[in-house]
Amino acid sequence: MATNLAIDPDLLDRALLIGGEGTKKATVTTALMEYIARREQAGVLDLFGTVDWDANYDDKAERSRG
């Protein structure tokens with residue numbers, strides 16, 4: 001899908017330099033993938049503290065029940 005975007009040229013130049021991608025398209029694609037991954041990781045952080053933890057649970061005993 002072709003899309004025209006007005007991207008700040010200074011930001012794009014910095015991203016090209018830092019990212020080491022060969023093209024603007026590759027730079028933007030990599031940046032979007034990293035953005036998505038970071039947002040998904042942040043969503044996982046929201047789960048901390050939402051699971052009940054049993055300090056007495058013995059995972060080794062559970063594995064040997066076979």
Side-chain angles (χ1 to χ4, degrees):
M1 162 177 58
T3 302
N4 293 325
L5 299 172
I7 298 174
D8 183 324
D10 293 331
L11 288 176
L12 186 54
D13 287 342
R14 285 177 59 198
L16 276 162
L17 181 67
I18 293 169
E21 299 292 340
T23 64
K24 292 177 182 178
K25 178 181 177 180
T27 299
V28 172
T29 299
T30 299
L32 287 171
M33 290 184 337
E34 290 178 8
Y35 175 83
I36 291 166
R38 187 169 304 150
R39 290 295 175 119
E40 288 176 340
Q41 290 170 359
V44 170
L45 292 176
D46 293 336
L47 298 176
F48 280 100
T50 62
V51 176
D52 291 331
W53 178 258
D54 182 1
N56 296 319
Y57 178 73
D58 184 355
D59 63 313
K60 290 183 182 178
E62 290 296 320
R63 281 187 264 163
S64 64
R65 292 172 81 188

Side-chain donor/acceptor pairs under 3.5 Å, residues 1-26, sequence neighbours excluded:
residue, atom, partner, partner atom, Å
D8, OD1, D10, N, 2.8
D8, OD1, L11, N, 3.4
E21, OE2, T30, OG1, 3.1
T23, OG1, A26, N, 3.0

Name the atoms and distances for all side-chain donor-acceptor pairs under 3.5 Å in residues 34-41, with sequence neighbours left out.
residue, atom, partner, partner atom, Å
Y35, OH, R39, NH2, 3.3

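Every side chain to side chain contact (heavy atoms under 4.5 Å, CB included) that F48 has, sequence neighbours left out, goes to L45. Checked against side chain to side chain contact (heavy atoms under 4.5 Å, CB included), D46 has no partners two or more places apart in sequence or in another chain. With sequence neighbours excluded, the residues forming a side chain to side chain contact (heavy atoms under 4.5 Å, CB included) with T50 are L47, listed by chain and number.
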